[in-house]
Participant: 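The structure's right below; bear with me while I get my questions together.
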Amino acid sequence: MDTLLCAAPILFLIWAMTKRNALPSHIALPLTAGIVGLIQVFAFHADITLLMANALAGTLSVLTPISIVAGAILLNRVLVVSGNEQVLRDWLSSISVNPVAQLMIIGWAFAFMLEGASGFGTPAAISAPILVGLGFPPLQVAMLALVMNSVPVTFGAVGTPIWFGFSGLSLSDSNLLDIAFNAAVVNSLAALIIPVIGLGFILDSHTIKANLLFILLSILVCTIPHTLFAIWNYEFPSLVGGAIGFAMSILLAKGNIGLSRPQQGQPSPTFKGNKSVVKALLPFLLLIIILVITRVPAFGIKQVLNDPTPLASIELNHSLLSVSHALILSATNLLNTGVSWQYKTLYVPAIIPFLLVALICIPLYRLSVRDVKHITIETGSRIFLPFISLIGALIMVKFMMMGEERAPMVLLANTFSNLLGEYWIYVASLLGALGSFFSGSATISNLTFGAIQQTIAQSSGLSITLTLALQSVGAAMGNMVCINNIIAVSTILNIRNQEGAIIKRTVVPMLAYAAVAALFSLAQ
């Protein structure tokens with residue numbers, strides 16, 4: 001009975017967002033959060049004050065994703081208003097008029113590199129608007145961006161899902177490397193089909209078949225270095241693989257290697273504004289440089305931006321509100337319940353690098369005060385409804401994780417593992433995907449379910465590192481159906497009330513990804 005109650009809100013959400021005349025996310029998500037809250041109170045007898053504290057923490061937590069989305073939109077509008085997005089479109093079109101080349105270079109390789117440097121949905125936020133600018137339909141681009149931004153997620157944000165996501169499991173460095181390599185192999189195997197499925201959202205099968213060699217080469221120039229690097233490092237596989245793959249994919253496209261020949265009479269691509277391209281690419285170069293500098297510990301900046309040393313604090317109704325030297329905002333013991341919240345102002349990629357780069361570009365692109373005002377107003381108007389949706393999503397996650405071993409999320413996980421026993425290894429990735437679906441983060445999915453996966457592996461006699469690798473893979477593939485990511489990319493592309501339609505389509509490649517993970521497990 002408890003399992004059915006725990007599953008009910010999930011089933012309701014899926015139904016509400018995929019039915020005919022589907023509810024928009026800014027209605028469906030808060031409504032689902034309310035249902036979970038009622039179940040917690042009346043079925044699990046949750047403390048009302050604790051429930052309110054978690055609702056408050058969920059509301060405050062929206063600052064992280066919404067600030068990133070706002071920063072991405074702000075920078076995108078700067079590029080559009082200044083005319084530099086058009087310059088990029090012209091340049092990328094000049095590399096190849098072939099739509100497959102354009103989609104693979106921008107939607108796959110470029111996004112792969114950005115994921116390795118930043119994560120947090122940044123790849124889709126940056127690559128998707130460029131693809132729409134090249135003439136591809138927004139809804140289909142949103143689905144492609146979500147599907148493509150899955151393979152590199154295991155090592156996104158400089159490996160955060162690995163080294164931080166499994167930080168509480170007392171694993172050795174060699175264990176983490178074993179997890180990283182297994183996950184990289186599964187991701188690389190899945191990559192042989194996932195981009196092809198993604199391209200199918202936009203292109204017909206004839207076009208895909210005619211350019212299949214280029215697609216395969218573009219995949220391999222990313223995944224081979226990605227996998228090789230994972231043998232000895234779990235921070236930079238996606239960043240290194242993406243950087244190499246992006247450069248190599250451009251060279252392959254320029255050489256017309258693996259691409260179908262242009263149709264007779266189709267003009268050869270030419271572009272003469274090399275200086276203007278450098279200027280238009282500068283924001284992206286700055287993004288990557290700043291992200292690497294601020295996230296690689298060797299530079300010493302990461303420690304400064306994460307400095308928790310208290311600068312000021314105030315006690316309010318038993319809650320401690322504080323700000324650190326790195327401007328980390330935190331609230332501990334909310335409503336005297338022990339629930340806490342934190343926002344790393346300088347480390348979350350909103351102010352640094354998005355706002356910082358946008359501010360640099362304003363004088364660089366000679367934008368007027370009127371332009372800046374227009375950009376700011378448009379950014380604000382486009383994040384209002386997503387703000388409501390994300391509040392609902394994050395409160396729902398908080399409610400689903402209340403109750404420790406009796407939390408609805410944990411009860412669901414344990415029920416499925418008890419039913420499957422040693423066969424759990426074949427579906428372990430789906431639990432990781434469930435975590436990403438709810439939380440919007442591979443890191444949070446690993447933090448939430450890593451210990452459960454480890455316990456299941458120990459009790460069932462399964463390999464712990466393989467099980468955790470599959471958890472990590474699942475957390476990555478769950479990005480395809482993640483509510484937060486869908487809302488974010490839809491907001492950036494100005495797509496309204498299509499969240500359910502997107503999930504219906506992206507769940508197919510996610511299940512294909514899970515099948516690859518299961519086959520890999522079978523071969524071990």
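Keep in mind that what you see is a predicted model, and the values were worked out from it rather than measured.
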Participant: Roughly how far, to the nearest 0.5 Å, is CD1 of Ile73 from CZ of Phe354?
Facilitator: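 These two atoms lie 10.0 Å from each other.
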Participant: Report yes or no: does Ser82 contribute a side-chain atom to a donor-acceptor pair with the main-chain N or O of Leu79 at less than 3.5 Å?
Facilitator: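 Side chain of Ser82 to backbone of Leu79: a pair is present.
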Participant: Check whether any side-chain heavy atom of Phe112 lies under 4.5 Å from a side-chain heavy atom of His226, and answer yes or no.
Facilitator: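 Heavy-atom side-chain distance check passes, below 4.5 Å.
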Participant: Could you grab the distance from atom CD1 of Ile219 to atom CG of Leu212, nearest 0.5 Å is fine?
Facilitator: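 Between atom CD1 of Ile219 and atom CG of Leu212 there are 8.0 Å.
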Participant: Which atom names give the shortest non-hydrogen contact between Phe214 and Ala101, and what distance separates them?
Facilitator: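 Shortest heavy-atom contact: CE2-CA, 3.6 Å.
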Participant: State whether the side chain of Gln102 and the backbone N or O of Ser96 hold a donor-acceptor pair below 3.5 Å, judged by distance alone.
Facilitator: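 Yes, because the side chain of Gln102 sits within donor-acceptor range (under 3.5 Å) of the backbone of Ser96.
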Participant: Kindly indicate whether the side chain of Leu134, heavy atoms from C-beta on, has any atom under 4.5 Å from the side chain of Ile106.
Facilitator: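 Leu134 vs Ile106: side chains touch.
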Participant: Would you please say whether a donor-acceptor pair under 3.5 Å links the side chains of Ser389 and Glu499?
Facilitator: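 The answer is no; no qualifying pair exists.
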Participant: About how many Å separate CG of Leu468 and CD1 of Ile179, when rounded to the nearest 0.5 Å?
Facilitator: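 It is 4.5 Å, given to the nearest 0.5 Å.
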Participant: Measuring from atom CD of Gln471 to atom CG of Leu430, what distance do you get when rounded to the nearest 0.5 angstrom?
Facilitator: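 It is 10.5 Å, given to the nearest 0.5 Å.
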Participant: Taking all atoms of both residues into account, what is the closest heavy-atom pair of Ala33 and Gly392, and its distance?
Facilitator: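 Shortest heavy-atom separation between Ala33 and Gly392 comes out as CB-O, 3.6 Å.
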Participant: For Tyr365 and Asp371, which I'm curious about, is there any donor-acceptor pair between the side chains at under 3.5 Å?
Facilitator: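 Note: Tyr365 and Asp371 side chains miss the donor-acceptor criterion.
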Participant: Identify the heavy atoms of Asn187 and Val151 that sit nearest to each other, and give their distance.
Facilitator: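 Minimum heavy-atom separation between Asn187 and Val151: ND2-O, 3.4 Å.
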Participant: Going through the distances and angles, do Thr227 and Phe181 end up as a side chain to side chain contact (heavy atoms under 4.5 Å, CB included)?
Facilitator: CA-CA 7 Å; Thr227 304; Phe181 179 67; 3.9 Å; yes
Participant: Looking at Ile375, is its backbone amide N or carbonyl O close enough to the side chain of Arg77 to form a donor-acceptor pair, meaning the two atoms are under 3.5 Å apart?
Facilitator: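 The answer is no, because no donor-acceptor pair under 3.5 Å joins these two groups.
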Participant: Is any side-chain heavy atom of Ile231 closer than 4.5 Å to a side-chain heavy atom of Leu177?
Facilitator: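 Ile231 does not reach Leu177 side chain to side chain.
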Participant: Side-chain contact, heavy-atom cut-off 4.5 Å: Leu220 with Leu192?
Facilitator: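 Heavy-atom side-chain distance check passes, below 4.5 Å.
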Participant: Does the gap between the ring centers of Phe110 and Phe284 come in under 6.0 Å?
Facilitator: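 Here the rings of Phe284 and Phe110 have centres that are less than 6.0 Å from each other.
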Participant: Of all the heavy-atom pairs spanning Ile495 and Pro138, show the shortest one and how long it is.
Facilitator: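 For Ile495 versus Pro138, the nearest heavy atoms are CD1-O, 3.4 Å.
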Participant: Hey, does the side chain of Ser150 reach the backbone of Met477 with a donor-acceptor pair shorter than 3.5 angstrom?
Facilitator: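 Checked: no pair found.
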Participant: How close do Ser490 and Ile502 get, counting heavy atoms only, and between which atoms?
Facilitator: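 Heavy-atom minimum between the residues: OG-CD1, 3.6 Å.
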Participant: Just by distance, do the side chain of Thr207 and the backbone of Leu203 share a donor-acceptor pair under 3.5 Å?
Facilitator: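 No: the side chain of Thr207 does not pair with the backbone of Leu203.
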Participant: Would you say the side chains of Asn149 and Asn479 form a donor-acceptor pair under 3.5 Å?
Facilitator: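 No - no donor-acceptor pair under 3.5 Å links their side chains.
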Participant: Please lay out, stage by stage, how Leu420 and Tyr426 fare under the test side chain to side chain contact (heavy atoms under 4.5 Å, CB included).
Facilitator: CA-CA 9 Å; Leu420 294 169; Tyr426 304 122; over 6 Å; no
Participant: Would you say the side chains of Asn446 and Thr443 form a donor-acceptor pair under 3.5 Å?
Facilitator: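 Distance-only check fails for Asn446 and Thr443.
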Participant: Enter the distance from Met396:CE to Leu390:CG here, rounded to the nearest 0.5 Å.
Facilitator: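 Going from CE on Met396 over to CG on Leu390, the span is 11.0 Å.
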Participant: Does any donor atom in the side chain of Ser249 or Ser218 lie under 3.5 Å from an acceptor atom in the other side chain?
Facilitator: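 Checked: Ser249/Ser218 side chains pair up, N/O donor to acceptor below 3.5 Å.
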Participant: Indicate yes or no: at least one non-hydrogen side-chain atom of Glu85 is less than 4.5 angstrom from one of Pro129.
Facilitator: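 Answer yes - side chains close enough.
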Participant: Using only atom types and a distance under 3.5 Å, with no angle test, would you say the side chain of Ser238 pairs donor to acceptor with the backbone of Gly116?
Facilitator: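 Side chain of Ser238 to backbone of Gly116: no pair is present.
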Participant: Working to the nearest 0.5 angstrom, can you tell me the gap between Gln498 CD and Leu139 CG?
Facilitator: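 Interatomic distance, Gln498 CD to Leu139 CG, rounded to 0.5 Å: 5.5 Å.
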Participant: Would you say Thr506's side chain and Met143's backbone share a donor-acceptor pair under 3.5 angstrom?
Facilitator: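 Checked: no pair found.
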Participant: Specify the closest pair of heavy atoms between Ala183 and Thr154, including all atoms of both residues, with the distance to one decimal.
Facilitator: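 Of all heavy-atom pairs spanning Ala183 and Thr154, the closest is CB-CG2, 3.9 Å.
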Participant: Quick one, Met480 with Ile194, criterion side chain to side chain contact (heavy atoms under 4.5 Å, CB included). Give me CA distance, side-chain angles, the key distance, then yes/no.
Facilitator: CA-CA 11 Å; Met480 298 184 194; Ile194 293 304; 3.9 Å; yes
Participant: Would Trp232 and Phe229 satisfy ring-ring contact (aromatic ring centres under 6.0 Å, His included), going step by step from the backbone distance to the final call?
Facilitator: CA-CA 6 Å; Trp232 62 276; Phe229 216 78; 4.6 Å; yes
Participant: Using ring-ring contact (aromatic ring centres under 6.0 Å, His included), reason through Phe387 and His26 one step at a time and then give a plain yes or no.
Facilitator: CA-CA 8 Å; Phe387 176 74; His26 65 273; over 10 Å; no
Participant: For Ala442, is there any backbone N or O sitting under 3.5 Å from a side-chain donor or acceptor partner on Ser445?
Facilitator: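 Such a contact is absent between Ser445 side chain and Ala442 backbone.
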Participant: Does the side chain of Pro283 reach to within under 4.5 Å of the side chain of Leu75, using non-hydrogen atoms?
Facilitator: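 Of all side-chain heavy-atom pairs linking Leu75 with Pro283, at least one is under 4.5 Å.
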Participant: Looking at Asn233 and Phe236, would you say the former's side chain and the latter's main chain have a donor-acceptor pair under 3.5 Å?
Facilitator: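 Answer holds: yes.
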Participant: Please assess Ile250 against Phe246 for the test side chain to side chain contact (heavy atoms under 4.5 Å, CB included), listing each intermediate value before the final yes or no.
Facilitator: CA-CA 6 Å; Ile250 290 174; Phe246 181 53; 3.8 Å; yes
Participant: So, does Asn211 use its side chain to make a donor-acceptor pair with the main chain of Ser260 at under 3.5 Å?
Facilitator: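 Side chain of Asn211 to backbone of Ser260, a donor-acceptor pair under 3.5 Å: yes, one is there.
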Participant: Do Tyr513 and Val473 have side-chain heavy atoms sitting under 4.5 Å apart?
Facilitator: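 They are in side-chain contact.
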Participant: If you define the side chain from C-beta out and look only at heavy atoms, does anything of Phe155 sit under 4.5 Å from Glu235?
Facilitator: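 No, too far: nothing below the 4.5 Å cut-off.
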